[in-house]
Amino acid sequence: MIWSDDRSTSASADLGSGGVDAAEIGVIGLGRMAQALVLPLIEAGLIDRERLRAVVASEASAQRLRQSHQLAVSTDPLQAWQAPVVLLAVKPQQLEAVATALGAVAEGPRPRLLISVLAGVTLARLQRLFPSCRCVRAVPNTPCLVRAGLTGLAWGEGVSAEQQEWVRLLFARVGEVLELPEPQLDAFLALTSSGPAFVALVAEAMADGAVAAGLPRSLAQHLAHRTLAGTAALLQERELHPGQLKDMVTSPAGTTIAGLRHLERAGLRSALIEAVLAAAERSRELA
Ligand SMILES: NC(=O)c1ccc[n+]([C@@H]2O[C@H](COP(=O)([O-])OP(=O)(O)OC[C@H]3O[C@@H](n4cnc5c(N)ncnc54)[C@H](OP(=O)(O)O)[C@@H]3O)[C@@H](O)[C@H]2O)c1
């Protein structure tokens, strides 16, 4: 259980491996990020499909989600707000509208725990907007969809040890969880949440190169993905420094050094460094 107060009877939330009793969770903004988190948890039986109360902005989205995932999705934020735990996953620009709608509700049950995935929205701001909730700031990434995600967590004031453990377990089901001081979350987001887009660009460009060199498109794409995945696995499993791996595949006057010369001339390293830095700065700006 994550609560020990008077609301606890309505929501047992043991996410342990045995005897899962899936929690009642509200989701405000069941868009791409929330789906990347929630759908694998539903598949794993850790969130009960029947007890998920999801909210989106438009009836068209709600209908699409009801049909595609057989979920109870509405456009009334109160539907989600009455759950003991709420995952907040609207765009940062949509936060004020949500807070205004919920702030107008004077009575009734409220979530004990609010987990926000909004880029750049600080714990202090969440606490100001939702004073009755304990707040957690989470930075998950899209590979959570295939349970290969990364999530950074920072705790707001008053989040109990039990609640922390519950949140850790929740995100651990879709990948690795790291706890960081809140100021580091912008850099974490830049690398791990924006990073998949940067890596996808590299995968696409490498496949383009292979097509230019004569391979069919589908084969080129498959090989590009496998090369990225295999390289990441090798770096991790052998605990290699990237420079070591580069040197392992670079023979004198060979093919790889010919390609590396081009990458250095084009400034690939500098472009990637600046891309991560720009994403971190944008995250700070959003705050
Ligand atoms: N994508 C990532 O990798 C990533 C990583 C970390 C954090 N995040 C954060 O995740 C959040 C969501 O990003 P996303 O890419 O999932 O965006 P998204 O796909 O556009 O999803 C936003 C969702 O919020 C709903 N919404 C908008 N206004 C609402 C309101 N007033 N009440 C209820 N629901 C409302 C939208 O409904 P409609 O469909 O009807 O418009 C949509 O379902 C952002 O704050 C972002 O910073 C994303």
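In listed order, ligands and their atoms are each counted from 1. This chain uses plain numbering: 1 for the first residue, then up along the sequence. Everything numeric here is computed off the predicted structure, so don't read it as measured data.
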For residues 251-263, which side-chain N or O atoms pair as donor and acceptor with protein atoms under 3.5 Å away, sequence neighbours left out?
| from | atom 1 | to | atom 2 | distance (Å) |
| --- | --- | --- | --- | --- |
| T256 | OG1 | V249 | O | 2.9 |

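- Residues with a heavy atom under 4.0 Å from ligand 1: I28, G29, L30, G31, R32, M33, V55, V56, A57, S58, S61, A89, V90, K91, P92, Q94, V98, V117, L118, A119, P140, T142, S193.
- Classification of E281 and R284 as a salt-bridged pair fails, no side-chain N sitting under 4.0 Å from a carboxylate O.
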Kindly list each side-chain donor-acceptor pair under 3.5 angstrom involving residues 204-213, sequence neighbours excluded, with atom names and distances?
| from | atom 1 | to | atom 2 | distance (Å) |
| --- | --- | --- | --- | --- |
| D208 | OD1 | R217 | NH1 | 2.8 |
| D208 | OD1 | R217 | NH2 | 2.8 |

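- Judged by distance alone, the side chain of S193 and the main-chain N or O of P140 form a donor-acceptor pair under 3.5 Å.
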Solution key, residues 228-245 side-chain donor-acceptor pairs under 3.5 Å, sequence neighbours excluded:
| from | atom 1 | to | atom 2 | distance (Å) |
| --- | --- | --- | --- | --- |
| T231 | OG1 | T227 | O | 2.5 |
| H241 | ND1 | G243 | N | 2.8 |
| Q244 | OE1 | H241 | N | 2.8 |

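- Residues R173 and E43 are not paired through a salt bridge, judged by the lack of any N-O separation under 4.0 Å between the basic side chain and the carboxylate.
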